[in-house]
Every structure is written in structure tokens, then in C-alpha cells.
Amino acid sequence: MTIFSRRHLLQVLGLSGLGILSGGCGTSLFESNLGNAFEPLNQAVGSLMLDPHRLVPEFPLSAIQPDALIVNTYDVTPTIDPAAYRLTVNGLVDHPLRLSLADLKSLPFQSMVIRHVCVEGWAAIVQWGGVPLAHLIALAGPHPQARYAYFYSADGYYESWDLASACHPQTLMAYQKNQAPLTVDNGAPLRLASPIKLGYKQSKWVTRVTLTDHLAVTQGYWEDQGYEWFGGL
Ligand SMILES: Nc1nc2c(c(=O)[nH]1)N[C@H]1C(S)=C(S)[C@@H](COP(=O)(O)O)O[C@H]1N2
Ligand SMILES: [Mo]
């Protein structure tokens, strides 16, 4: 397995900047992989509903509801040593990644204020800050056959997303909540955050992202008990 050092990452980024992103989560990927999957749909309707780059309107910082985000954890809260923590990105990629928190924080930072919606009947406007997942996937160099991203968490939680949603420009691997370091209850050191999916899709304590070309029998902790897989908002 290729292990990218922070220096190597910076070199890659410095040399090619955002250019490398177009090869990973860019148009060609969507056209070759997702165009086929949705071919039967009426094109106009399909592009309205499924445009992977459509941005969800964000809120101003003043709209944050600091007390509205309810901690929702199915089992135990894992203890993760931030210094020893590594995020693995592997599966159908050319360059598997193993990133420390310092590596992640050296990558482009993005902040957004969005609504988190839990199917249990509550919602909260939250600020999340972190690195766009599209950036990590592009760094790893996804194979053309990659269609899904599986997320594995330190508490045993697992999730799967379609790659277009994983590469959406507002899908972040977040280490900041409401302009403060992410707390352990909310998924520190690293969690998924995106305005395009319901709360149960937004894995906390993510340790591994694995790209695959198929959905396995196991699709997600709640999905495997009957929740809908796409979980779109
Ligand atoms: N690893 C892990 N991620 C998880 C969960 C969980 O139990 N374990 N719960 C999910 C659900 S149902 C919701 S609504 C959100 C809640 O995030 P919060 O606890 O930060 O409010 O986390 C999601 N991610
Ligand atoms: Mo939830």
C-alpha cells in the first residue's frame, strides 16, 4: 500500500493544484459512471434531480442553533487518540491514503452552515468545517469503475454512499463544529457532514473510506434494518 506523507501530499497539491480534481471527481467520472446508471430517466428531469454539482443554499453564521444538535449515537462512544488517528482511503483507487489529522488539516479547508436533519424528528442548523471529501477521493485517484464509497467508523457504524454524493462539493470530512474543534460526542476526530443527506448517512468517527464498484449486502447500520439507502434531503 502506498502511504502518502504530508510532504508528498503538499507536493502533489502544489504541483497540480485543483487540476488533479477533474480527473477524480470531475465531469468525466460522472459521465462515465453515473450517466449510465441513470440512463433510463428522462434527461431533463434526471439532470434536475440528480445534478451532482447542484449547491444547497447555506445559512449565515448567525443562524446556527448551538443547542439544537442532539447527540445521536447507536452504541458506545469510541475513544480515539488524535495523535495516533489515521484516516485510510482505499479500495478502487490508484494511491491508497493514510492521513493523520495534521495531513487532513494541511489540505483545503471549507466551512459551511447547513441544516442537519435526523429522521427521529429533529433538525439543527450547524456550521461544519473540514476538507471536502472530493479532494481526498481525487488525491487517492479513483478507478473508473468506482461507484460507491463505504465509510467505516470506530464504533462499528458503517455506511455506503453513491460516489456522486460523496464527491458533492458540500460533502465534507469535518473536524470543526460551530467554529470550535469537533467534540468526541459529535464524531471527533473526523466525521461526514453534508447538506444533501439525512443524519444517519453522516458517519461520525470515520476511520476508513473504501471505494467499490458495487453495493454489498450490508449497506449501512440503519439501512440494514430497513432505512432507505439513498437518504437524500
Ligand atoms: N459512527 C456513528 N455515526 C453516526 C451515528 C452513530 O450512531 N454512529 N448516528 C447517526 C445519526 S442517526 C445522526 S442523526 C447523526 C447525529 O450526529 P450528532 O450526534 O453529532 O448530532 O450522526 C449519525 N452518525
Ligand atoms: Mo439520526
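For clarity, every value in this text was computed on a predicted model and none was experimentally measured. Throughout, residue positions are numbered sequentially from 1 according to the sequence presented.
Between atom CZ of residue F59 and atom CD1 of residue I64 there is a gap of 11.0 Å, rounded to the nearest 0.5 Å. Note that CG of L190 is 7.0 Å distant from CG of L101, once rounded to the nearest 0.5 Å. With rounding to the nearest 0.5 Å, the separation of CG in N178 from CD in Q65 is 10.0 Å. For the atom pair K204 NZ and D155 CG, the distance stands at 8.0 Å (nearest 0.5 Å). To the nearest 0.5 Å, atoms OG1 (T88) and CG (L97) are separated by 9.0 Å. To the nearest 0.5 angstrom, T171 atom OG1 is 7.0 Å from M112 atom CE.
A pairwise comparison of heavy atoms in L163 and A146 identifies CD2-O, 3.4 Å as the closest pair. The nearest pair of heavy atoms linking A149 to L211 is CB-CD2, 3.8 Å. In terms of heavy-atom proximity, A154 sits nearest to I80 at CB-CD1, 3.7 Å. Between S203 and S153 the shortest heavy-atom distance is CB-OG, 3.7 Å. When all heavy atoms are compared, the tightest approach of A140 to V89 is CB-CG1, 3.8 Å. Y175 and P189 get closest at one heavy-atom pair: CB-O, 3.5 Å.
For the pair T73/W205, a side-chain contact is recorded, criterion being any heavy-atom separation below 4.5 Å from C-beta on. Contact of the Q179 side chain with the L61 side chain is registered, since non-hydrogen atoms from C-beta on lie closer than 4.5 Å. Using a 4.5 Å heavy-atom threshold, the side chains of N186 and V71 count as touching. You'll find the side chain of C167 reaches within 4.5 Å of the side chain of I137, heavy atoms only. You'll find the side chain of V131 reaches within 4.5 Å of the side chain of L104, heavy atoms only. For the pair V56 and L233, the minimum side-chain heavy-atom distance is 4.5 Å or more. Looking at Q170 and E58, their side chains come closer than 4.5 Å, going by heavy atoms from C-beta outward. Using a 4.5 Å cut-off on side-chain heavy atoms (C-beta onward), V113 and I125 make contact.
Using bins of under 30°, 30° to 60° and over 60° for the plane-to-plane angle, the ring pair W122/H116 lands in the parallel bin. Relative orientation of the Y158 and Y221 rings is perpendicular, given thresholds of 30° and 60° on the angle between their planes.
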Could you walk me through whether L133 and H168 satisfy the side-chain contact (heavy atoms from CB on, under 4.5 Å) test, starting with their C-alpha distance in whole Å, then the side-chain angles of each, then the deciding distance to 0.1 Å, before giving a yes or no? CA-CA 8 Å; L133 179 56; H168 186 280; over 6 Å; no

Should K177 and D185 be marked as a salt bridge (charged side-chain N to carboxylate O under 4.0 Å, His left out) after you check the CA-CA gap, both sets of side-chain angles, and the distance that decides it? CA-CA 11 Å; K177 185 200 89 176; D185 276 347; over 6 Å; no

Walk me through it: do M173 and L192 pass the test side-chain contact (heavy atoms from CB on, under 4.5 Å)? CA-CA 5 Å; M173 296 308 302; L192 263 168; 3.8 Å; yes

Report the C-alpha separation of C118 and N72 in whole Å, then their side-chain angles, then the decisive distance to 0.1 Å, and conclude whether the side-chain contact (heavy atoms from CB on, under 4.5 Å) test is met. CA-CA 9 Å; C118 175; N72 199 345; 3.5 Å; yes

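No continuous path of hydrophobic side-chain contacts links L172 to Y157 [ILVMFWY only; heavy atoms under 4.5 Å]. Residues W128 and V206 do not share a hydrophobic cluster, defined by chaining ILVMFWY side chains whose heavy atoms lie under 4.5 Å apart. Hydrophobic clustering, with ILVMFWY side chains joined whenever heavy atoms are under 4.5 angstrom apart, keeps I196 apart from L136. V119 and F230 fall within the same hydrophobic cluster, defined by Ile, Leu, Val, Met, Phe, Trp and Tyr side-chain heavy atoms under 4.5 Å apart, directly or through other members. Y200 and Y148 fall within the same hydrophobic cluster, defined by Ile, Leu, Val, Met, Phe, Trp and Tyr side-chain heavy atoms under 4.5 Å apart, directly or through other members.
Judged by distance alone, the side chain of Q110 and the main-chain N or O of P169 form a donor-acceptor pair under 3.5 Å.
Within a 6.0 Å radius of CZ in R115, no more than 12 heavy atoms belonging to other residues, nucleotides or ligands are found.
Applying the salt bridge (Lys or Arg N to Asp or Glu O under 4.0 Å) definition to pairs two or more places apart or across chains, those involving residues 208-233 are K201-E223.
The side chain to side chain contact (heavy atoms under 4.5 Å, CB included) search around S160 returns Y150, L215, Q219, W229, not counting sequence neighbours.
Side-chain N/O atoms of S100 and D103 include a donor and acceptor closer than 3.5 Å. Side-chain contact check for Q202 and E159: no donor-acceptor pair (N or O, by modelled atom type) lies under 3.5 Å.
Ring centroid separation for the pair F151 and W161 comes in under the 6.0 Å cut-off.
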